[in-house]
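Along the sequence shown, residues are numbered consecutively beginning with 1.
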Amino acid sequence: MTSPARKPTAAIIGAGPAGLSAALGLHQKGWDVRLYERYPEVKAAGNILNLWPAPQKALRALGVDTENLGAPAYTQLRRYDGRVRAEFRMPEAVAREYNGGFIGLIRWGLYKRMLDALPEGVLKLSHKFVGLSDRGDSVRVEFDEGEPVEVDLVIGADGIDSSVRKAIWGDSPKRYHGLHLMGGWFLGDEPIGTRGVFAHDRTVQGSYTPIRHEGRDGYEWWVLEKWTSKEPFTETDIRKYALERVSHFDEPLPTFIRKTPPENTHRWEIVDREPIKQWAKGRVTIIGDAAHPTSPYAAYGAGMSIEDGYFIAKELADVDGSDTAVLINALQRFEDMRKPHTGPVSQGAYITGKIFHHAPAPLRPLRDFMFDHTPFLQKNQGDAVPAQTIAQLDLIEDAPSPHVSAG
Ligand SMILES: Cc1cc2nc3c(=O)[nH]c(=O)nc-3n(C[C@H](O)[C@H](O)[C@H](O)COP(=O)(O)OP(=O)(O)OC[C@H]3O[C@@H](n4cnc5c(N)ncnc54)[C@H](O)[C@@H]3O)c2cc1C
């Protein structure tokens with residue numbers, strides 16, 4: 001039973017996609033919520049991004065404007081020379097409803113839209129979480145500066161190196177995938193197409209999708225390959241390095257890389273952590289990358305983080321924050337429904353990276369023969385990957401959206 005005396009209170013740690021989404025969701029459900037970010041501003045971690053339909057639907061339900069958030073990207077899996085191997089297929093109705101289904105955008109564009117929807121006073125910048133103590137009937141949260149707070153619930157949305165996760169579950173090793181990714185983007189004034197391409201040769205992936213950002217269109221691209229060296233990456237010109245890796249790939253990828261301003265390029269080593277058995281402990285839980293960090297091979301880590309925020313708020317909608325048993329049950333229901341989704345996505349992305357980049361050299365021709373001449377990739381990627389996100393759509397409520405006309 002909800003106490004009429006006061007609203008339940010929550011401290012969310014980390015203003016990335018997971019934290020922003022949970023803050024929007026809990027506020028919508030009547031919680032008194034604060035979102036604590038360590039930096040003096042909300043910073044997009046990286047640049048390039050794609051979103052599947054389910055996170056787009058969750059954003060809408062959370063009151064975020066998704067109109068023209070990204071460019072439609074009808075994406076094919078291809079061989080490096082352009083031969084089509086498979087296609088990410090969406091049901092027509094889903095593609096129509098969600099801007100093609102799979103959209104390309106700049107990460108900051110997403111953050112900006114989410115921040116615009118966040119009520120004033122929720123976001124607390126320059127608050128680095130440093131510790132907590134769960135006292136049974138409330139949690140005390142401490143920051144590196146400023147006063148501690150006392151709340152009913154703490155949600156750790158503080159990313160792959162989550163301090164909240166460490167505080168409740170201790171440390172666990174990162175899993176290095178033996179891969180690195182270089183990516184970049186550019187916007188232009190010329191009309192763009194709707195084709196996205198994920199292409200591979202025997203060891204390298206070279207991909208691109210259309211993007212839309214604040215009314216302008218362009219492309220993002222990325223080049224991904226095995227990277228096992230323990231040595232630091234010393235190449236200063238990421239664009240040049242990426243271009244050398246894919247100079248034999250079908251156009252327009254090499255041209256896109258040449259067109260990219262150097263300041264729009266980044267490099268990442270790919271890491272995650274093995275799925276953790278339990279997320280919540282007492283009145284504290286973790287969501288997003290803090291709970292299930294996911295390789296970019298899924299293009300779904302941010303998407304699942306957004307979904308997490310939506311679903312945790314849904315479970316906590318009518319919860320009395322002072323009732324410990326009820327709160328703990330709601331947190332458990334949330335993770336029990338999310339783990340069967342997030343676990344296979346994260347694990348699948350890890351394995352896909354292994355298949356494309358770590359297959360032993362003698363097996364690669366056989367693997368590529370199978371990719372080129374059997375329905376393997378269509379079944380296991382082209383159909384299976386969109387199906388994972390489409391399965392979430394029915395679980396997310398429709399939001400009244402301005403582009404749906406009453407008549
Ligand atoms: C190269 C690359 C490409 C990707 N492409 C895609 C894609 O196309 N589609 C997709 O869906 N996903 C993609 N991802 C995955 C996606 O970036 C992550 O899954 C997503 O950012 C996770 O969101 P999050 O909110 O859980 O964590 P984060 O985005 O890491 O945000 C965590 C926040 O917590 C803050 N924080 C950390 N510690 C503290 C502290 N102690 N106190 C207070 N605040 C703290 C951080 O400053 C940050 O703001 C990609 C990832 C990479 C590396």
Side-chain angles (χ1 to χ4, degrees), residues 1-2 7-35 54-55 57-59 61-63 114 132 134 138-139 141 151-160 162 164-165 167-169 273 275-294 300-347 388-389 391-397 399:
M1 223 175 61
T2 309
K7 287 182 172 188
T9 55
I12 300 170
I13 313 299
L20 284 162
S21 154
L24 287 166
L26 282 179
H27 177 80
Q28 203 177 53
K29 303 293 182 198
W31 281 61
D32 183 4
V33 55
R34 297 286 177 277
L35 174 60
K57 187 172 185 185
L59 286 168
L62 292 166
M114 295 181 86
L132 59 82
D134 188 341
S138 68
V139 193
V141 188
V151 286
D152 295 321
L153 166 70
V154 175
I155 299 178
D158 48 343
I160 186 168
S162 170
V164 177
R165 171 168 164 159
I168 55 171
W169 294 118
R273 292 177 198 270
I276 189 172
K277 284 206 178 72
Q278 175 70 19
W279 298 351
K281 192 177 196 182
R283 290 176 167 272
V284 185
T285 194
I286 47 178
I287 62 171
D289 270 14
H292 47 75
T294 301
Y300 198 9
M304 290 193 299
S305 300
I306 291 165
E307 293 168 12
D308 280 356
Y310 168 83
F311 285 117
I312 197 168
K314 201 173 164 197
E315 287 300 342
L316 290 164
D318 296 314
V319 164
D320 173 356
S322 65
D323 188 330
T324 305
V326 168
L327 181 71
I328 286 175
N329 277 342
L331 295 180
Q332 196 60 48
R333 277 200 308 277
F334 160 70
E335 70 175 84
D336 287 348
M337 65 88 63
R338 288 302 285 161
K339 279 188 291 201
H341 176 55
T342 59
V345 170
S346 298
Q347 206 52 15
Q388 287 174 317
T389 167
Q392 297 298 300
L393 284 172
D394 286 345
L395 307 174
I396 302 170
E397 278 156 30

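Considering only heavy atoms from C-beta on, Phe311 comes within 4.5 Å of Gln392 through its side chain. At a threshold of 4.5 Å between non-hydrogen side-chain atoms, the residues Val164 and Thr285 do not count as touching. Taking the side chain as every heavy atom from C-beta outward, Pro275 and Gln347 approach each other to under 4.5 Å. Considering only heavy atoms from C-beta on, Arg338 comes within 4.5 Å of Asp308 through its side chain. Two residues are said to be in side-chain contact when any heavy atoms from C-beta on lie closer than 4.5 Å; Ile276 and Arg165 meet this criterion. No side-chain heavy atom of Asp320 sits under 4.5 Å from any side-chain heavy atom of Val326.
You'll find the ring centres of His292 and Tyr300 outside the 6.0 Å limit.
Partner of Leu331 under the side-chain contact (heavy atoms from CB on, under 4.5 Å) criterion, chosen from Val284, Val319, Ile312: Ile312. The only option from Thr9, Leu26, Val151 that meets the side-chain contact (heavy atoms from CB on, under 4.5 Å) definition with Trp31 turns out to be Leu26.
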Using the rule given for side-chain contact (heavy atoms from CB on, under 4.5 Å), can you reason through Lys339 versus Gln278, listing the C-alpha separation, both sets of side-chain angles and the distance that settles it, and then say yes or no?
CA-CA 9 Å; Lys339 279 188 291 201; Gln278 175 70 19; 4.1 Å; yes
Under the criterion side-chain contact (heavy atoms from CB on, under 4.5 Å), I'd like the reasoning laid out for Val154 against Ile168: C-alpha separation, chi angles, the key distance, then a yes or no.
CA-CA 11 Å; Val154 175; Ile168 55 171; over 6 Å; no
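To the nearest 0.5 Å, the span separating CD on Glu307 from OG1 on Thr342 amounts to 9.5 Å.
Using modelled atom types and a 3.5 Å distance limit, the side chains of Arg283 and Ser138 yield no donor-acceptor pair.
When all heavy atoms are compared, the tightest approach of Gly19 to Ile12 is CA-CG2, 3.7 Å.
Annotation: His341, atom NE2; neighbour count of heavy atoms from other residues, nucleotides and ligands within 6.0 Å is above 12.
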